[in-house]
Visitor: 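After the structure tokens below, expect a handful of questions from me.
The shown structure was predicted, so the numbers you read here are calculated from the model rather than taken from an experiment.
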Amino acid sequence: MVSYKSLGLVNTKEMFKKAHQNGFAIPAYNFNNMEQLQAIVMGCAESDSPFILQVSSGARKYANQTLLRFLAQGASEMLKELNPHLKFALHLDHGDTLELCKSCIDSGFSSVMIDGSHHSFAKNIELTKKVVEYAHDHDVTVEGELGVLAGIEDEVSSDKSTYTHPEEVEEFVKKTNVDSLAISIGTSHGAMKFKPNMCTKNADGILVPPPLRFDILEQVEKIIPGFPIVLHGASSVLPYYVEAINKYGGKLQDAVGIPEEQLRHAAKSAVCKINIDSDGRLVFTASIRKVFHDKPDEFDPRKYLGPARDELKKMIIEKNKNVLGSAGQGKNIFA
Ligand code: G3H
Ligand code: 13P
Ligand code: ZN
């Protein structure tokens, strides 16, 4: 049993409180390997942004769960050198069983998500409650979810709603005692968030998706005022990187994300955590493809993973400063 406190990590309580009070959101960046981790730690240290290091069960399998724990521990030590007052939370993304959540808590995670959104309301409450009981015994915070994020195959329309039902949130939060709640207001995972026929084209020929359902968010905020809300599927899928991927031999069609304007709006509201994975993947891929295109004789991994890491770090600083509003907030929370 390893406590996250012995690794120098924090749970999400204090950072969410400050994010809510001051109208910004904490970035939750997913990682699978060392270079992504370096980019996140260096980018957040440089911009003095509180952050959440996010690990999916797939990432845990990919990296090896023991190695991953030590990578996070190493990141905590490295952060002390780069920005001594800053701390981060290590969070399980989309946990689906009590056993997985327990295993993460026992190996040093400071926060877990239990995603019971595909279950019935009653089963979701039952499962989430069990995770919360175990987590709170270890001072670990828990994120629950209500409403299913649309997949590209799902029709996001009012007649077939997978959006969060605001009338369910109060009972869910009270009965489970969760610390934060992920809601569904029109985002989805991946780089193809909307079908082209759901979008309009702007003057530059770029697909513009339908707006998020901020009316649902506002209803939720009224019902559970001050409660931290989480936005999944929040990558912007920046056209610049999609174009670079396609220019250097990739084939990504109809990639559309959430416009940054809408994320800025969300960050100022009760949304305290914004999840970003796909944007990091796109930046990495664009950068590696460019090196392979420009220098076909290159075969030292440091020569293509290094530039990818640097570009990802740049993207992270940019997001913290201009989208999440979290840059510069580290000293207000931890110093
Ligand atoms: O929500 C999903 C995250 O982007 C993690 O994706 O399961 O492929 O690691 P993954
Ligand atoms: P994106 O696919 O939009 O980056 O969303 C990531 C996410 O929600 C991780 O839980
Ligand atoms: Zn997610």
Side-chain angles (χ1 to χ4, degrees), residues 1-5 9-21 25-26 28 50 52-57 87-149 163-185 216-232 266 269-275 333:
M1 172 85 203
V2 186
S3 163
Y4 69 86
K5 290 176 187 169
L9 310 178
V10 291
N11 68 24
T12 57
K13 230 173 228 156
E14 196 54 29
M15 50 173 98
F16 285 171
K17 200 169 126 197
K18 286 283 188 337
H20 198 273
Q21 282 168 354
I26 308 290
I52 296 172
L53 260 188
Q54 200 153 258
V55 174
S56 68
S57 58
K87 298 208 181 313
F88 65 87
L90 179 63
H91 175 80
L92 169 67
D93 193 22
H94 293 284
D96 57 349
T97 62
L98 174 62
E99 292 66 37
L100 174 60
C101 292
K102 277 183 172 173
S103 159
C104 287
I105 292 166
D106 293 351
S107 67
F109 281 57
S110 61
S111 176
V112 292
M113 174 187 194
I114 177 69
D115 182 355
S117 62
H118 289 83
H119 295 300
S120 67
F121 185 58
K123 178 87 200 293
N124 190 358
I125 290 180
E126 188 191 321
L127 177 62
T128 306
K129 193 167 181 282
K130 282 187 189 146
V131 172
V132 170
E133 279 164 5
Y134 188 82
H136 283 185
D137 277 348
H138 299 81
D139 209 11
V140 166
T141 39
V142 180
E143 174 184 328
E145 178 160 344
L146 272 181
V148 180
L149 259 67
Y163 299 124
T164 301
H165 299 297
E167 63 277 12
E168 290 182 346
V169 298
E170 192 176 14
E171 185 181 347
F172 185 81
V173 164
K174 271 200 179 135
K175 287 193 170 158
T176 59
N177 208 14
V178 275
D179 303 282
S180 60
L181 181 68
I183 63 169
S184 169
I185 58 168
I216 297 178
L217 174 62
E218 279 161 24
Q219 285 181 59
V220 169
E221 284 187 71
K222 277 196 190 121
I223 296 168
I224 44 172
F227 196 80
I229 301 300
V230 178
L231 199 59
H232 282 248
S269 73
V271 170
C272 292
K273 172 175 180 266
I274 289 188
N275 283 11
I333 303 179

Visitor: Could you grab the distance from atom SG of C101 to atom CG of D106, nearest 0.5 Å is fine?
Guide: 11.0 Å
Visitor: Check whether S107 reaches the backbone of C104 with its side chain - one donor and one acceptor, N or O, closer than 3.5 Å.
Guide: yes
Visitor: Would you give the length of the straight line joining atom CG of L98 to atom CD1 of I114, rounded to the nearest 0.5 angstrom?
Guide: 7.5 Å
Visitor: Can you list the steps and then say if H138 with Y134 is a ring pair (Phe, Tyr, Trp, His ring centres under 6.0 Å)?
Guide: CA-CA 7 Å; H138 299 81; Y134 188 82; 4.5 Å; yes
Visitor: Judged by atom type as modelled, is there a donor-acceptor pair below 3.5 Å linking the side chain of N11 to the main-chain atoms of D139?
Guide: yes
Visitor: For K87, enumerate each residue passing the salt bridge (charged side-chain N to carboxylate O under 4.0 Å, His left out) test, keeping only those at least two apart in sequence or located in another chain.
Guide: none
Visitor: For G147 versus S117, what's the shortest heavy-atom pair and its separation?
Guide: O-CB, 3.5 Å
Visitor: What pair of heavy atoms forms the shortest contact from A135 to V142, and how long is it?
Guide: CB-CG2, 3.3 Å
Visitor: With rounding to the nearest 0.5 angstrom, report the CD1 to CD distance, I223 to E218.
Guide: 12.0 Å
Visitor: Quick check: closest heavy atoms across I216 and P166, and the distance to 0.1 Å?
Guide: CG2-CG, 4.1 Å
Visitor: With sequence neighbours excluded, tell me which residues meet ring-ring contact (aromatic ring centres under 6.0 Å, His included) with H136.
Guide: none
Visitor: Which pairs pass ring pair (Phe, Tyr, Trp, His ring centres under 6.0 Å) with one or both residues in residues 91-113, sequence neighbours excluded?
Guide: H94-H189, H94-H232
Visitor: When V271 is tested against each of L217, I185, I183, V230 for side chain to side chain contact (heavy atoms under 4.5 Å, CB included), which residue passes?
Guide: L217
Visitor: Nearest 0.5 Å, what's the CD1-CG distance between I26 and N275?
Guide: 12.0 Å
Visitor: Hey, does the side chain of N177 reach the backbone of E133 with a donor-acceptor pair shorter than 3.5 angstrom?
Guide: no
Visitor: What distance separates Q54 CD from D93 CG, expressed to the nearest 0.5 Å?
Guide: 3.5 Å
Visitor: Side chain of S110, backbone of L90: donor and acceptor closer than 3.5 Å?
Guide: yes
Visitor: Do N124 and T176 have side-chain heavy atoms sitting under 4.5 Å apart?
Guide: no
Visitor: By salt bridge (charged side-chain N to carboxylate O under 4.0 Å, His left out), which residues pair with K17, not counting sequence neighbours?
Guide: none
Visitor: Would a 4.5 Å heavy-atom cut-off, applied to side chains only, mark F16 and T141 as touching?
Guide: no
Visitor: I'd like to know whether NZ of K18 has more than 12 heavy-atom contacts from other residues, nucleotides or ligands below 6.0 angstrom.
Guide: yes
Visitor: Once you round to the nearest 0.5 Å, how far does NZ of K273 lie from OG1 of T12?
Guide: 8.5 Å
Visitor: Residues in salt bridge (charged side-chain N to carboxylate O under 4.0 Å, His left out) with K174, at least two apart?
Guide: E170
Visitor: For F121, give me all partners under ring-ring contact (aromatic ring centres under 6.0 Å, His included), at least two apart in sequence or on another chain.
Guide: none
Visitor: For L100 and G95, work out which heavy atoms get closest and say how close.
Guide: CD2-CA, 3.9 Å
Visitor: Ion pair present between K130 and E126, side-chain N to carboxylate O less than 4.0 angstrom?
Guide: yes
Visitor: If you compare all heavy atoms of P50 against all heavy atoms of I333, which two are closest, and at what distance to 0.1 Å?
Guide: CG-CD1, 3.7 Å
Visitor: Please name the pair of heavy atoms, one in V178 and one in F227, separated by the smallest distance, quoted to 0.1 Å.
Guide: O-CZ, 3.3 Å
Visitor: For the side chain of S184 and the backbone of V148, is there at least one donor-acceptor N/O pair under 3.5 Å apart?
Guide: yes
